[in-house]
There are 4 protein chains.
Amino acid sequence: MKARRRKLVEKVVKGPARWHRHPETRRQEILEAALVNFAEKGFSATRMNDMARRAGISSGTLYLYFINKEAIFKSLVEESLGTQVSQLTQVMREWEGPSDELLRLVVRTINGFLRSSDRAVLFKLIIAETGNFPELARFYRHHVTDHMLTVFEGIISRGIARGEFRRIDLTDGARMIFSSIMFTAIWRTSLGTLDSESYDYGRFIETKLDLILRGLAP
Amino acid sequence: MKARRRKLVEKVVKGPARWHRHPETRRQEILEAALVNFAEKGFSATRMNDMARRAGISSGTLYLYFINKEAIFKSLVEESLGTQVSQLTQVMREWEGPSDELLRLVVRTINGFLRSSDRAVLFKLIIAETGNFPELARFYRHHVTDHMLTVFEGIISRGIARGEFRRIDLTDGARMIFSSIMFTAIWRTSLGTLDSESYDYGRFIETKLDLILRGLAP
Amino acid sequence: MKARRRKLVEKVVKGPARWHRHPETRRQEILEAALVNFAEKGFSATRMNDMARRAGISSGTLYLYFINKEAIFKSLVEESLGTQVSQLTQVMREWEGPSDELLRLVVRTINGFLRSSDRAVLFKLIIAETGNFPELARFYRHHVTDHMLTVFEGIISRGIARGEFRRIDLTDGARMIFSSIMFTAIWRTSLGTLDSESYDYGRFIETKLDLILRGLAP
Amino acid sequence: MKARRRKLVEKVVKGPARWHRHPETRRQEILEAALVNFAEKGFSATRMNDMARRAGISSGTLYLYFINKEAIFKSLVEESLGTQVSQLTQVMREWEGPSDELLRLVVRTINGFLRSSDRAVLFKLIIAETGNFPELARFYRHHVTDHMLTVFEGIISRGIARGEFRRIDLTDGARMIFSSIMFTAIWRTSLGTLDSESYDYGRFIETKLDLILRGLAP
DNA sequence: TATGAATGAGTCTTCATTCAT
DNA sequence: TATGAATGAAGACTCATTCAT
C-alpha cells in the first residue's frame, strides 16, 4: 500500500527499442495491464506508473491512448463485454432440448468465459466503484447484469412453459442463478485469493446447479 | 519564525458544544462516519476531511482517536463483529426442532442484522480492499465468513444426521447458503443502489431458502 | 524525531492535585523544562506538549504563563543572564593582583557558572536560531557575548598597561579567550554528548589558559 | 471521483527550460539550496517548498532526487566531506620543513576551504541537530572532527619529536587548534552575521596561530 | 510515436493554540 | 488557576498529467 520509492538510477540500459506494435494492440495491452492493477488495488490505489510499467510502456504513452485514468477504467468496463452475452441469447433461441440442460449449458459457458478471461474481476471493480462511477455502474448494470438476468428469466420461463419447471417468480429465480455466478466471480478474485489450496469453483457451480434444478423441479 | 497563529477573525458560530460527548461515543461516531464514506467511495478515495465533517468534528480530532486512516478501517472491520456470530452457534446448539426451520431462522437472523445495521457494506469493502489489506481480509475471512460457513455446515450436517436432508457435500452446501447472503449484502450496497424502486431482498432470501431446502430434501 | 503517537487512554488516575505553587516558581519550572527540550531538539522540533509534560503541567497551562512558544524562548534567553556578567565587571574593577591571575579567575568563574547551570546550551540554541530570531540573537550578542569580550579586553588592556602582557590586538585577544569558553560550551552540549567517556573540559580550559598566558607573556 | 486535473488556466510563463540540466548537476543544485536554507533556519524550520524554489525547481522534483527531507540533510553532511581531510594527511606526511610552518599551512588550508565553500555552516547545523540526528552527528564526528584532531595531534607530536615544540598533552593541544577553527566557522555563520562591518576572520586565525605557536615554543 | 523528468494541486498528518469545563 | 479535547492552518509528500526532447 505504501512504500513507493523512486530512484533516479543511472539510465538503465534499455532493451532495444521495441517495435511499434499496432496501435490497437498497444491499446489492448494497456487495458490488460490496467485490469490487473485495478483488480489488485482498486481504482484509486492504482498508480499510472505501475500500470505503464506493466504494459511495458512509459507513463506518458498512456496518455496517447487514453485521456486519463478514468477513461481507462471506463474503456475497460465498456469494451470487455464483447459479444459474449448476445451470443447467449442466440444459443437460447436455437436450443431445442430440455430446459435444464440449456440452463447448465448457459451457466457453464458464462463461467467458462469468466474463468478463462480475467473478466471476473470486473464484477469486483464495478461493485467497489459504484459510488465513484455511477454512470459506469449503470452502464455495466444495463449491459451485463440485466442482460444475464434476462437470459436466465428466459430459460426459466421456457422451462415453466414446457412444464419442466415448477412455477416460480422469474425475477427471483433469475437472481438465484445469477447470484451463484456472481459469488464465484467475486469470491475467487477477493477473499478466495487467501486460500492456500484452490477451491474447486467448477464443482461448486455444478453442485449449485443441481440444487437449483432440483428446486425447480415441478 | 511563523509560530502558527490561529486566524483571529470572525469567530464563526461554531457547531454544537464540542465537549460533552463521551470518548467512546465520539469514537463510535467516527467509525459510523467512516463506514458511510468508505462504503460510498472506498478506502483510497475517502478523504479524512469528509469523514471528519460527517462525524461532526474537525480533521485533527480524528487523530485523537485513531492513529491514521488505516487504523480507522481496521477498527471498523474488527469491531463490527460483535457477538453476533457466536450467538448463532449458541442458537444452533440449543435448537431442538427440525433442521429446515433452524436454517431459516439462522439465515433470517443474519440477514436481519445485516440489514438493520449498516454492516452489509463491510463485505463490499473487504472485497474491494483484499489486495491492499490482506491481513485485514484474512481477519475478516477467519472471524466472519469462515465462521458463518461453519455454522451452515453444522446445520446441514445436523439435517443429514437426522435424515431431514439428503447427503450432499458440506462445503459446497454451506457456500450455497452463504452465497445467497453475500449476494444480497453486496448487491444491495452496490449495483442495487441504482434501482429506483427497491428490490425486496427479504423475499429473495425466502424464495432462495425455499429452493435450497427443496433441493436438500431427501 | 518522528513517531509521536498519542493515545486517548482512559483517564489515567491523576495524582492528587498538586498544590498550586507560587506563580514565579511555576514560571521558572516551565523555563527549566523548555531549556532542556530546546537544548535537545531545537526550537522547532520541541513540542509544547513535551515541554508541559516535563514541567509537570498541562499544555494549556503554558499559555497562562507565556503567550506562545516564541515568548518562552525569548524569556529563556533574556532571563538567564542574571547578574553574572555584571558581577565580573565588579570583580575586575576591584582586582589588585597580577593580570594573569585575574584572567584565570574570570575564565574559571564563567566556566564554572556555565557548567553548574545548564546555561551552556543557550549558546548552542542562539547559534542555531540566529536566522530565525535575529532580534533575540542581537539581544544575546549585546548582553552576553559582547559583554564578555569587553571584560576580556579590559583584562588584556590592564595587563599590557602594567607590563605583564605583550602588546597585542585587544579585539583578537579577547576573542581568543572567548573562543575557548564558547568551544567548551558548544562542544559539551553537542558533539561532546556522543563521547562515552567524559572529556575533562576543566583541564582543557586550564591548559588553554596556560597556553594563552604563555603567548601573552612579553 | 476527482481525478486530479491540471489547472488549465493561464499557462503562466514558466521559468527557463526545465530539461537541460544533467541529473548530477540538478542534485548538486538541490544540496546547494538546502545548505543555504538549513543554515539559515535549521532543519525543522526549513520548508521543502522554499528549498525547491531556491533550487529553481518545484517541490515535487525534490523527491525525484531524494526520498525525503532527512535524506537531503544526510547527503549534505555526508557528501560535503570530499577528499579535503584526507589530502591534509597527505600534505602532512610529505612535509619536510619546520612544524610551525606545517601547522600554519594546514590551518590556513582548512580555513580557506571553509571560507570559500559554504561548508562552514555545516558545523552549525550538526551542532544544532545532534539531538535529532545522533547517527549523523556520529558520522560527522568520526569523519570530520576526529579526523582533524588526529591531523593536529600528528603535527604537534611531530613538533615535539623534533624538539620544535615543548611537551604538551596532544589531546588538549589538538583541541585548542581545532577550537579556533570551529569558533571561526560557527561565529561567522551565526552571531557574526549580525555585524554590520565584517570582522577579519583571517587575521584572527593568524593572531591565534601566533599565540598558539608562541605557547608551544619550548 | 514514445519517453520520463518536471510540475503542483491535493491529501494525510502534526501541533501550536484555544476554550469549555 | 488548571486541564486537555478540539481545532484547523500549515507542511511533507504523492502522483496524475504535461511537454520538451
Side-chain angles (χ1 to χ4, degrees), chain A residues 2 4 6 8 11 14 17-18 20-21 23 26 44 46-52 57-65 67-70, chain B residues 2-8 11 14 17-21 23 26 44-50 52 57-65 67-70, chain C residues 2 4 6 8 11 14 17-18 20-21 23 26 44 46-52 57-65 67-70, chain D residues 2-8 11 14 17-21 23 26 44-50 52 57-65 67-70:
Chain A
K2 290 229 169 147
R4 290 164 237 111
R6 274 150 291 98
L8 195 81
K11 290 283 179 190
K14 271 176 297 183
R18 270 178 309 289
H20 298 181
R21 277 160 275 190
R26 178 60 56 96
S44 287
T46 289
R47 311 286 149 239
M48 293 300 268
N49 243 321
D50 297 346
M51 195 191 295
I57 58 178
S58 73
S59 63
T61 304
L62 289 176
Y63 291 85
L64 297 176
Y65 293 86
I67 60 165
N68 60 22
K69 199 180 180 182
E70 228 174 284
Chain B
K2 197 171 303 179
R4 269 172 269 154
R5 288 281 146 79
R6 176 67 35 80
K7 189 117 353 123
L8 296 177
K11 289 283 176 192
K14 267 174 296 179
R18 56 175 187 171
W19 273 100
H20 300 299
R21 287 173 276 198
R26 178 61 58 97
S44 289
T46 290
R47 309 289 151 234
M48 293 303 266
N49 249 324
D50 298 344
I57 58 179
S58 73
S59 63
T61 302
L62 289 176
Y63 293 86
L64 296 177
Y65 293 86
I67 58 166
N68 58 24
K69 197 178 178 182
E70 225 173 288
Chain C
K2 292 232 170 143
R4 292 162 235 114
R6 275 150 291 100
L8 197 79
K11 289 284 178 191
K14 272 176 297 182
R18 274 178 307 290
H20 297 181
R21 278 160 273 189
R26 177 61 55 98
S44 288
T46 289
R47 313 283 151 242
M48 294 301 267
N49 243 322
D50 297 346
M51 195 191 296
I57 58 178
S58 73
S59 64
T61 304
L62 289 176
Y63 291 84
L64 297 176
Y65 293 87
I67 59 165
N68 60 21
K69 198 179 179 182
E70 228 173 287
Chain D
K2 198 170 301 178
R4 270 175 269 152
R5 288 279 148 82
R6 177 65 35 80
K7 188 111 0 117
L8 296 177
K11 288 284 178 192
K14 267 174 297 178
R18 56 176 186 168
W19 273 98
H20 299 300
R21 286 174 277 199
R26 179 61 57 96
S44 289
T46 290
R47 308 289 151 235
M48 294 302 266
N49 250 323
D50 298 344
I57 57 179
S58 73
S59 63
T61 303
L62 289 176
Y63 293 87
L64 296 178
Y65 293 86
I67 58 166
N68 60 21
K69 198 179 176 182
E70 224 173 289

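Below, chain A is the first sequence line, B the second, and so on; all start at residue 1.
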Next on the checklist: Judged by each residue's nearest nucleotide on DNA chain E, which is more toward the 5′ side, S59(D) or G60(C)?
Outcome noted: S59(D)

Checklist entry - Toward the 5' end of DNA chain E, which comes first, L64(A) or Y63(C), by nearest nucleotide? => result L64(A)

Checklist outcome for this item: Note: for M48(D) and T46(A) on DNA chain F, the residue whose nearest nucleotide lies more 5' is M48(D)

Next on the checklist: Quick check: on DNA chain F, is the nucleotide nearest S58(B) upstream (toward 5') of the one nearest T61(D), or the reverse? Name the residue that is more 5'.
Outcome noted: S58(B)

Say you draw a straight line from [atom1] of [X] to [atom2] of [Y]; how long is it, rounded to the nearest 0.5 Å?
| X | Y | atom1 | atom2 | value |
| --- | --- | --- | --- | --- |
| L62(A) | M48(A) | CG | CE | 5.0 Å |
| S58(D) | Y63(D) | OG | OH | 11.0 Å |
| K69(A) | T46(A) | NZ | OG1 | 6.0 Å |

Spacing between [X] atom [atom1] and [N] atom [atom2], to the nearest angstrom:
| X | N | atom1 | atom2 | answer |
| --- | --- | --- | --- | --- |
| K69(C) | dT17(E) | NZ | P | 8 Å |
| D50(D) | dG11(F) | CG | C1' | 11 Å |
| Y65(C) | dT1(F) | OH | P | 6 Å |
| N49(B) | dA10(F) | CG | P | 14 Å |
| I67(C) | dT17(E) | CD1 | P | 9 Å |
| R47(B) | dA9(E) | CZ | P | 17 Å |
| L62(C) | dA2(F) | CG | P | 11 Å |
| R26(C) | dT1(F) | CZ | P | 11 Å |

Checklist entry - With both distances under 3.5 angstrom, what nucleotide forms a Watson-Crick or G-U wobble pair with dT21(F)? => result dA2(E)

Checklist entry - Paired with dG8(F): which nucleotide, if any, by Watson-Crick or G-U wobble criteria at under 3.5 Å for both distances? => result dC15(E)

Item to check | For the student: nearest non-hydrogen atoms of S44(C) and A45(D), plus distance | outcome: OG-CB, 3.6 Å

Item to check | Out of dA2(F), dT7(F), dG4(E), whichever nucleotide has its closest atom nearest the side chain of I57(B) | outcome: dT7(F)

Item to check | Test item: L64(D) and R26(D) side chains (from C-beta on) under 4.5 Å apart, heavy atoms | outcome: no

